[in-house]
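Reading through the structure tokens given below for one structure.
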Amino acid sequence: MTRAALLFPSDPLGPHRPDPHYAAEARRLRELGGTHAVVDHDALLAGDAREAVRRVPADGDPLWYRGWMMPPTAYAALEAALAERGRTLLTPPAAYRRAHELPGWYPAFADVTPHSAWIPGGGMPGDAALARAVAELGGRGPAIVKDYVKSRKHEWAEACFLPDLADTDGLRRVVGRFVELQGDDLAGGVVLRRFERYVRRGGSDGAERAEEARVWWLDGEPVLAGPHPDTPDVRPAPDLSALRTRVRALGCRFVTTDLARLADGGAWQVVEVGDGQVSDLPRGTDPAPLLSALLSAPAAEPSAAPRAEPPAEPVDGPPAEPLDGPAAAPVDGAPATPPGHRAR
């Protein structure tokens with residue numbers, strides 16, 4: 001059976017080796033007998049995909065990417081450039097977009113994730129579009145604003161939290177500030193999501209955060225479950241029994257689900273879904289179970305349940321609290337994430 005290889009972003013100061021953020025994963029991969037190549041992430045985002053993959057050996061094993069987030073258009077360019085070198089990405093561009101952006105994954109999880117409405121586009125939505133999105137969420141009550149991928153939770157009152165959707169002036173102020181701060185990084189469009197409280201716990205830094213878990217799925221099965229990168233010292237044990245069919249319905253081979261439990265004692269809810277290739281590991285987590293699963297994964301996707309198709313318009317779902325995490329923590333020994341480089 002063909003053994004998969006991994007593709008890491010290169011170190012800007014040493015382009016033949018993986019970025020320091022992923023150095024620990026690369027070392028563990030070698031210990032497991034795996035191989036890797038590197039891609040120039042900056043060249044890729046600059047629009048030169050052929051230059052980005054120049055150091056990838058031609059005609060080798062199929063690849064899983066493990067690195068910084070990128071727009072779906074850049075990911076498609078990466079796949080095309082690798083194909084010219086006889087290499088295959090095991091996550092195709094359509095699957096990357098579906099898992100990476102909220103409108104792609106929301107239909108499969110609509111009954112277990114915050115009720116959401118979204119407005120496509122690259123700028124400030126008009127009043128009519130905002131009014132339709134607010135109506136989708138019931139017209140009133142607290143919510144957050146984000147784009148298809150990320151929020152700005154560090155500017156909570158300024159550009160994230162909406163105390164009451166019925167406050168149209170407040171809505172426009174917060175959404176406008178969010179769009180302004182995102183600038184060219186605005187991904188896909190504006191999303192409004194219902195807000196509820198999750199169980200919270202103090203972290204090692206004294207700050208109180210949601211008790212959140214991250215679960216890694218490969219071909220519809222969980223291969224690693226542990227803390228969220230924001231709370232590496234918290235180790236919740238979520239119930240995954242209701243998620244298998246939903247993950248399989250999504251139709252993406254390698255994904256993550258971030259889960260949290262409602263403060264009123266309710267069930268675990270899906271906070272976010274992401275493409276597993278650009279989802280970060282929490283500090284101190286041994287990546288061996290995840291890497292071993294990726295190395296031994298078949299080149300062709302196993303038979304799966306039919307995936308949920310994204311609707312043309314936002315769909316309804318039950319309310320729960322959206323909690324986007326801050327920039328993910330690096331693995332042990334890695335430096336802080338450099339500007340312009342983000343893992344989920």
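This one's a predicted model, so the numbers in the text were calculated from it and none came from an experiment.
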(message) If I take atom NE2 from residue His228 and atom CG from residue Asp280, how far apart are they, to the nearest 0.5 angstrom?
(response) 9.5 Å

(request) Using modelled atom types only, decide if a donor and an acceptor are shared between the side chain of Arg253 and the backbone of Trp217 within a distance under 3.5 Å. (result) no

(request) May I ask you to say whether Arg248 pairs ionically with Glu221, meaning some side-chain N is under 4.0 Å from a carboxylate O? (result) yes

(request) Using the six-membered ring wherever Trp is involved, compare the ring planes of Trp105 and Phe109 and label them parallel, tilted or perpendicular (cut-offs 30° and 60°). (result) perpendicular

(message) Between Arg28 and Glu25, does any NZ, NE, NH1 or NH2 come within less than 4.0 Å of an OD or OE carboxylate oxygen?
(response) no

(message) I need the single residue from Leu63, Thr35, Leu291, Val38 that forms a side chain to side chain contact (heavy atoms under 4.5 Å, CB included) with Leu6. Which is it?
(response) Leu291

(message) Could you work out, with ring-ring contact (aromatic ring centres under 6.0 Å, His included) as the rule, every residue matching Tyr65, not counting sequence neighbours?
(response) none

(request) Output every pair passing ring pair (Phe, Tyr, Trp, His ring centres under 6.0 Å) with a member in residues 123-147, not counting sequence neighbours, ordered by first then second residue. (result) none

(message) Is it the case that atom CZ in Arg244 sees more than 12 heavy atoms from other parts of the structure closer than 6.0 Å?
(response) yes

(message) Using only atom types and a distance under 3.5 Å, with no angle test, would you say the side chain of Arg87 pairs donor to acceptor with the backbone of Asp59?
(response) no

(request) For the pair Phe161 and Trp156, name the ring-plane relationship: parallel under 30°, tilted 30 to 60°, perpendicular over 60°. (result) parallel

(request) To the nearest 0.5 angstrom, please state how far the CG atom of Asp127 sits from the OG1 atom of Thr168. (result) 8.0 Å

(message) If the condition is side-chain hydrogen bond (donor to acceptor under 3.5 Å, both in side chains), which residues does Thr91 pass it with, not counting sequence neighbours?
(response) none

(request) Can you establish whether the number of heavy atoms outside Arg235 located under 6.0 Å from its atom CZ is more than 12? (result) no

(request) Look at the side chain of Asp164 and the backbone N and O of Asp167, then say whether any donor-acceptor pair between them is shorter than 3.5 Å. (result) no

(message) Does this structure show an ion pair linking Arg246 with Asp111, if we count only N-O contacts that are shorter than 4.0 Å?
(response) yes

(message) Looking at Glu84 and Arg50, is any side-chain nitrogen of the basic one under 4.0 Å from a carboxylate oxygen of the acidic one?
(response) yes

(request) Answer yes or no: is there an ion pair linking Glu180 with Arg152, defined by an N-O contact shorter than 4.0 Å? (result) no

(request) Give me the ring orientation class for Trp118 and Tyr106: parallel if the planes are under 30° apart, tilted from 30 to 60°, perpendicular past 60°. (result) perpendicular

(message) With a 3.5 Å distance limit and no angle check, can you tell me whether Arg30 reaches the backbone of His36 through a side-chain donor-acceptor pair?
(response) no

(request) Indicate yes or no for a side-chain donor-acceptor contact from Ser116 to the backbone of Pro114 under 3.5 Å, with no hydrogens or angles considered. (result) yes

(request) Could you grab the distance from atom CD of Gln277 to atom CG of Leu89, nearest 0.5 Å is fine? (result) 6.5 Å

(request) Could you tell me the separation between the CZ atom of Arg97 and the OG1 atom of Thr73, rounded to the nearest 0.5 Å? (result) 7.0 Å

(message) Strictly below 4.0 Å, N to O, side chains only: are Arg200 and Glu211 in salt-bridge contact?
(response) no

(message) Checking Val278 against His100 for the side-chain contact (heavy atoms from CB on, under 4.5 Å) test, could you report, in this order, the C-alpha distance in whole Å, the side-chain angles of both residues, the deciding distance, and whether it holds?
(response) CA-CA 9 Å; Val278 297; His100 186 58; 4.0 Å; yes

(message) Can you give me the closest heavy-atom contact between Leu45 and Pro71, atom names plus distance?
(response) CD2-CD, 3.8 Å

(request) Could you tell me which residues satisfy side chain to side chain contact (heavy atoms under 4.5 Å, CB included) with Ala225, sequence neighbours excluded, listed by chain and number? (result) Val215

(message) Please list all pairs meeting ring pair (Phe, Tyr, Trp, His ring centres under 6.0 Å) that have one or both residues in residues 244-281, counting only residues at least two apart or in different chains.
(response) Trp64-Phe254

(message) So, applying side chain to side chain donor-acceptor pair (under 3.5 Å) with Asp11, which one of His16, Arg17, His21 is it?
(response) Arg17

(message) Tell me whether Tyr148 contacts the main-chain N or O of Gly104 through its side chain, where contact means a donor paired with an acceptor under 3.5 Å.
(response) no

(message) Looking at Asp40 and Ala43, would you say the former's side chain and the latter's main chain have a donor-acceptor pair under 3.5 Å?
(response) yes

(request) Considering only NZ, NE, NH1 and NH2 on the basic side and carboxylate oxygens on the acidic side, decide whether Lys150 and Glu272 come within less than 4.0 Å. (result) no

(request) Ignoring hydrogens and angles, tell me if any N or O in the side chain of Thr285 forms a donor-acceptor pair with the backbone of Leu281 under 3.5 Å. (result) no

(message) Can a donor-acceptor pair be found, under 3.5 Å and without considering hydrogens, that links the side chain of Arg98 to the backbone of Leu250?
(response) yes

(message) Between Asp61 (side chain only) and Ala4 (backbone N and O only), is there a donor and an acceptor less than 3.5 Å apart?
(response) no

(message) Once ring-ring contact (aromatic ring centres under 6.0 Å, His included) is applied, do any residues pair with Phe178, and if so which ones, sequence neighbours excluded?
(response) none

